[in-house]
Amino acid sequence: MSSNKILVTYTSSPAFLSTDHWKQVHAALLCQFPLRTLHWKSPSRANIETIPQVDVNLVPLESLRDEHTSQIPQSLLDKPLLNVYFVVCDDNDTYKNTVRKQIRDWHASVSQLRPDGKIGQGRMFQMKASVLDKIKADLNADKKDRCIQVAWSTDYENPAAWAELINKFKEGILSAFDSAFTQREEEVKRSEGQRHMPGWNFCTFFILKESLATSFEAMSLCEEALQHYNDLEASFFRVLREKNLTWFGALIAPGSEDDSTPLLSVSKKPYRDLILANSISIFDFRVYLLARQCALLSKLSRVIEVCRKAVAFLSGFGRRLRELEGTIPLFFVESWTYSSALSVVEQVDTWANDVKMGKPALARFSAVKGELLELAQQQLDIIGIRVGHLPSRPPFSIALPAPTPESTEAQEPPPGKISRTELLSAIDDKEAFFDLYVQIINRAIELYAAAGRRKFALKLHGNLAALDLYVASYMSTFCSQSACRALTVHTSAEKARDEEWIHIVLDFLRTYVEDMGKELLMDVDDQLSYVVGLVTSLIEAARGLQADLLHPDHPALSLTIADKAVRLAESQDGALLDVIVRNRLPCDLSVDEVIAVLVGYEGAQLTFSTDATTLNPGNNKVTLFCSSSTAGVFALQASQVKISKLTFEWKDARLLTATKNLKLKDVPTLVRIPKDIRALDVRIRPPQRSMLWVLITFEVGVPAKIMVALHTGRNDIVSAQIMLSSPSGVQFHFSEAKLDGDGSAQLEINEDALTVSSVEADSVVVISLPHSDASSYHTLRINAALEYTTVSEPDITRRLGFARFVATSLPMTVNVEDFFRGTRLFTRFTLSTSSHQHVRIRSAHLETSREDEDNVKVTGCHAQQPSVVSGKFIFQLDSARGQAGDPLRLRITYRMLREEVESLIDVSMAAIVAETPHLLPHRDLLIDKVVDALSSDAKWIELYGITGELVVPDIVEEEGDIGDGLRRLNAILAKKRPGDYPFGEWREIIIPVDVPRMHILAAAHLRVTPNPWVSPQAKNASLPLFAGQPISAVVSVTTSFHWAPLEDEKPQGCLLRYDIEDMTGDWLVSGCKRSDFQAEDGSTFTMPVTLIALHHGELSLPKIAINALPTQGGPRMGSSSVPSCETYQMHGAEKVLVLPRGGRSLDNLPSETQHLLSEIRSGYSAARDPVQKANEIIRNSIAIPELPATPAASSGPPQKKRKTMPVASAGSIKLPSPAPMSAAPSYGTGQRSRVHTRQSPLRSRRVTESAGPDIDEDAEGEDDLEEGMDDSGDAEDKRLYCFCQKLSYGEMIACDNADCRYQWFHLPCVNLKPPLPENWFCEDCISRMKGTSSTLPWSMLVLEQRCDGVASADRFILRGYRARAFERVPDHALQQLELVTSESPPW
Amino acid sequence: MPPPALRLNAVAFVSPHNHPILIRTFAQPRADELKYHYIAHTSLDVVEERIAAANAAKSTECYLSLLYTMEDVAVYGYVTPLRVKIIIALALTDTVVRDADVITIFRALHTAYRLSVANPFLKANTPLEGVNDHTAMLNAGSAKWKGFRRRVDEVGRALAGVTTSSSSSTQFH
């Protein structure tokens, strides 16, 4: 084979060669090698190849002479690329004579030897320039300078001295190589082109082409070389596909050591010779090719690729070899693959020593090495299975190649043996095999771990585990799934079937039912029986368990509620729940218990269960029973299936999430348990008779209590334990509990529970149980826990837990009102219900305490019928002086209407049952139905409350006994019960009531008298009163100290102040409106005042307020300086009739009043503001201390319109209202005031005149005239009005447009007659609105309309206008307009 | 020697979280299924390596080329843009397998997967919680939904029926 050195020959004259000089020169020259950094620029190639380093083999020319006999294309470097001739010549003569000849001879011989080879340089050694020139002239034939002078120096290691020579060397070598390469490449192409010609030999081609590759390799151009090999490989496959394999020998001719030689050695066989001899086997050829490629790759430091190639080759070609299994030695392929893989790993490890690799590359390197080792391991698998060391089961059998159709067993085992010693020993010796196996796997695992390939490592770990298992127990069953495998491991380890085993089995069953299982049990022959057997042994194992074992959420079983309505177990207390248990196992499963736990309101839990049952595969309907059921809505919280001590449990996750965020979708399954009326029940109620303890002093010590009633229902109770507790902290005094009534029951009292024993069915045991004060609570919540056993089922202890609420507060409220009248006191108690419950009040009595019987006499006003809900009771108290401070007691007999109705139904039912005993079993049912019907609708209450007829609404008709019973019950209930309710129990409550105290009782009286001088005692004359006229009246206050508390000394008198209430709308009060006076017991104080009614009608007289003033000179009335004072308005209900003042009737007035009035009238004419005037006069005359600021502000309805009829609707009565009234609107909007101040007096008077005919029609004309002449105001108004432009006369109407140019119109002129419209526009304004509207103040108009309320007529106008002038309306006005129109109703 | 055909032995679809979506074998002996479970499982290591390498190189190439060879199969990998891994096991041949052919197979399988997982009913009965849960894609491979299997089987059948590109057009460089 070619070395990697470039061959360079040297020649010189023999004389020189023998000198010491030559030796020196030779040594110096060798020091320059290898040549570095050659740049090869070939014309046939695109880019410059840089050859980093090339070594030179300097040989004498003679040594090559006889070698080149072979026709085989060698590497291009086998022949010298460069010939060198050394000349030492000093003078021209010598050169001319001898040296030139020698050079020429040399040149000729070299040229002949290699015509294409380069002529080496002549070389002048220490010679003069002239000689060099001559040599150059002689030899440089083709313009290439081939001669170089070397200046010899002793420092031969100096590169500078040789630089020129070395450059020439490089140049020469490259040029020679280039030409050689070009030539060779041509040859290769030619050969390749002849591929399809007969006689073409791949081997020849291969050698030819390989020579190129080796040349490149020698030139350190490994990439190029590798490319050529890859091309060769491709060509090989192509040829292979074309089946043109005649030039190859057999596919393989296995040699004795073939299977164990290192794969990547290119020298293990004389491959080249074999190729040249056309006798190489494909096997060898491929191996050679791979080895060459890998060698090149290693030079390129691509060790990872080496491994990858090796793996692919080994597995790929190994597969090919297997096709020939019959002809090659047993296990040859396995052995070859195995040793090759290992040898590759070794080889690459040595190669990789020089290679620096980054972390990822290192990982990849490890990974591929791992793959190689795994490949080796797989070979072991195959061998192991074949030999019988390993079972033919996964995971070992995975590596097993697919079985070939023809069996190899029939054939004779082919001759030959494998040579790998460790394999040979492993085949014979099981232990050695296992050792080897483990070793290889461990190595692989290590590598995979280094590479970070977890899953690969895991798989190999699996193999190891399987091997351990196999080695340990020679198990025959392997299952890939971990659960299954663990199961078998457990079985094989012959461990006890304990808890751990159960867990494994359950895990296995879990995977089995989750549909993956069937696939994974593929190597169990009879899957069904296997699983069934497993389940059977599981149950057995469960029986042997020591402790309970809870297994959550196993998918093999599941429990769902079949029926949301729970049935009642009719024969006994309890409820039945239907559930569906789904069994996903393929076999029956006998379970000991199926349990469903329901959870209800406030954490109440019910456990439904059933006894041993067998669950078939698929859905099973199971009925669960709960012995102690509480009615209500429950949700499934958890379900359990028990097999002996093994418990499967499922919790309803939805229930947990539902409390947080309830979605409609996730509502947990709800079931409803109906109320069992025949079941045992405990009812708790307040006692029949109660007191308001807080206030009562002499009955403290009788604690509050509740009544606990135990209704046995259908049960004969052996014993029942009742535990009560209240979350509010109220304590029950169990030790003081007492049985109420008689019966066979026995009561046992514990610390915290009541135990009742031997109670018969259908009986009620009532226990009264005292408790601590609970009056601060409205209702008392009592949690009751009940445990009981019945005679029929003594072994079942039933438990009930429920909450009961007992109302501790009064169901009604009591309001007290006291009315003092002298020595009498009327006390009114108003009772009303305080809850939504109706209350029946039978009676109320006010009782005195014994000591006070003489002092206080109580008289009930009248007896009342028992009434529903509310009652008013008035009592009259007559007391002598010196009554004691003892409170009275109000005793109320009442009951809740519900209780009453219930007892009514009970009584009625009892009557029915007495008549027809066969209805007895239905008794409770009937009652229940009626109660249900009553509570569903409240409309019967009203009728019942009045007449006592209880008409049960909407009761469902039924057949049979029940229907019959219902009808009869209804008939009884619907009977009239006039006033008496003898049935049922009444409750009583006693409320202490204090007798009220009052220091001073004042009776104020305002009497109207005919004249101020009438004595107060005189009888009230019914004289006519007129509005505006002074009315004399007398204020009288009678004081009494009768109700003053005893402990206070008798007051001698005290200072009181009376104050007449201002009724500014009705009365003017003149005189002593407020005054102080000294009051004494029984004395009367009087004071005359004058009243003026401001308008006519029925008026109530002003009230008089009386206050006690602080007494001067220290406290005299007890401790408080201001005594309490109560005023009684004796005239509170009186009203006086005030007549309207007529024109004529003025004459009848007393002269003083007439005078006053005339003053007022003259004031009209004199002043613009008559109100002021009037006030002035009044103030002057009567000296009223305080005048109402705006006497007219609240006098009657404000006059909206300027028109003259404030009460136009009244029609018949044209009120002669005094002038101040009509002036009132002038305080309104400014807009109006302008008009009014100018015109109001005028018009109002006119109206007065026109109203005159109501009183005296005949006088109208004269009056009008007369008044007109008299009225100086009239003369003032000279303005012209109306379209007719005349003076104002008669009734007039104003245009509602404030800017109207006419303002006022005579009715005849505008064709109007009374009654007048509320809003009116004159024709002129209407027409102007229709046309240009620029002058119209829009906002004003709108505002006015809003104030007045829009009448339909002008709304129409407004609308019309709006429609036309829409664009010109300012925005704000439009908004207001919108407001207006939207406020008014549609029209 | 018959012209080498790509023989598809098994296909595995693996979710981004390495849950197997579907593993389908076309080799005859049923027991091989386990082997391909193994292969699919171990391939994930290599797939991860390749993905990491591809990420480092900022490559968006889906095709991960030959992952490794094992005994008689060559395992190829492909990762969809949504990180679903498709792993196929081709019967190992002693010839050169062109990447283009393998990519074609992967494309077909990817399409099959896309079509199947686009089925809106896959999510019909699953709870709404979780935006990025993979129930739909896992469901696609479950026994309940046959469409996916059918499509994958079609790909397998098509491959068995057709040899790779005819030899005349095969070019080596």
Side-chain angles (χ1 to χ4, degrees), chain A residues 230-231 233-235 237-238 240-243 286 308 311-322 360 363-364 367-368 371 374-375 378-379 381-382 393-395 397-403 448 451-460 462 479-480 515-516 519-520 522-523 663 665-666, chain B residues 1-4 7 9 14 18 20 23 25 27-50 52-53 56-57 65-75 91-97 127-129 142-144 166-168 170-173:
Chain A
N230 289 349
D231 287 351
E233 192 180 11
S235 322
F237 280 121
R238 200 157 19 141
L240 202 62
R241 198 173 305 151
E242 288 161 7
K243 302 184 192 177
R286 298 275 313 262
R308 207 166 279 155
V311 173
F313 175 72
L314 284 177
S315 46
F317 196 63
R319 198 173 143 69
R320 184 80 189 280
L321 288 179
R322 289 234 165 76
R364 271 207 301 281
V368 284
E371 280 176 33
E374 199 185 338
L375 193 64
Q378 284 164 0
Q379 307 314 311
D381 274 345
I382 298 170
R393 288 194 169 280
S397 63
I398 288 174
L400 218 55
Y448 277 142
R453 287 194 174 176
R454 237 168 21 83
K455 298 188 175 75
F456 280 84
L458 206 63
K459 178 184 154 195
L460 293 179
C479 187
S480 66
D515 83 9
M516 285 284 284
E519 289 178 21
L520 294 162
M522 59 186 79
D523 27 284
K663 292 178 195 161
K665 207 177 147 195
D666 298 336
Chain B
M1 249 184 109
R7 222 178 73 225
N9 278 6
V14 183
N18 288 350
I23 294 183
T25 55
Q28 276 315 305
R30 180 97 166 81
D32 269 3
E33 191 156 310
L34 185 62
K35 170 175 165 179
Y36 292 111
H37 273 272
Y38 263 118
I39 288 175
H41 182 244
T42 46
S43 307
L44 295 179
D45 269 343
V46 192
V47 168
E48 267 158 36
E49 278 172 23
R50 295 285 163 86
S65 78
L66 178 70
L67 300 182
Y68 67 101
T69 55
M70 188 194 141
E71 198 52 27
D72 56 347
V73 289
V75 184
L92 193 65
T93 57
D94 196 19
T95 52
V96 174
V97 174
L128 281 175
E129 299 138 16
S142 73
K144 192 177 160 194
S166 62
S167 55
S168 62
T170 311
Q171 292 295 319
F172 290 94
H173 309 289

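Order of the sequence lines sets the chain letters (A, B, ...), proteins ahead of strands, with each chain counted from 1.
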Study note, to complete from the structure: Honestly, the part of A:Leu458 sitting under 4.5 Å from a heavy atom of chain B is side chain

Review point. Any side-chain heavy atom of A:Val311 within less than 4.5 Å of one from B:Thr69?
Key: yes

Review point. Is there side-chain contact between B:Ser65 and B:Arg50, with heavy atoms separated by less than 4.5 Å?
Key: yes

Exercise for review: Return the orientation label for the A:Tyr448 and A:Phe456 ring planes: parallel under 30°, perpendicular over 60°, tilted otherwise.
Suggested key: tilted

Review point. Step by step, would you call B:Glu48 with B:Asn18 a side chain to side chain contact (heavy atoms under 4.5 Å, CB included)?
Key: CA-CA 10 Å; B:Glu48 267 158 36; B:Asn18 288 350; 3.3 Å; yes

Study note, to complete from the structure: So, the part of A:Glu233 with a heavy atom under 4.5 Å from chain B: the answer is neither

**Study point:** Top contributor to chain B interface from A:Arg454, A:Glu371, A:Arg308, A:Arg364 [non-hydrogen pairs under 4.5 Å]
**Key:** A:Arg454

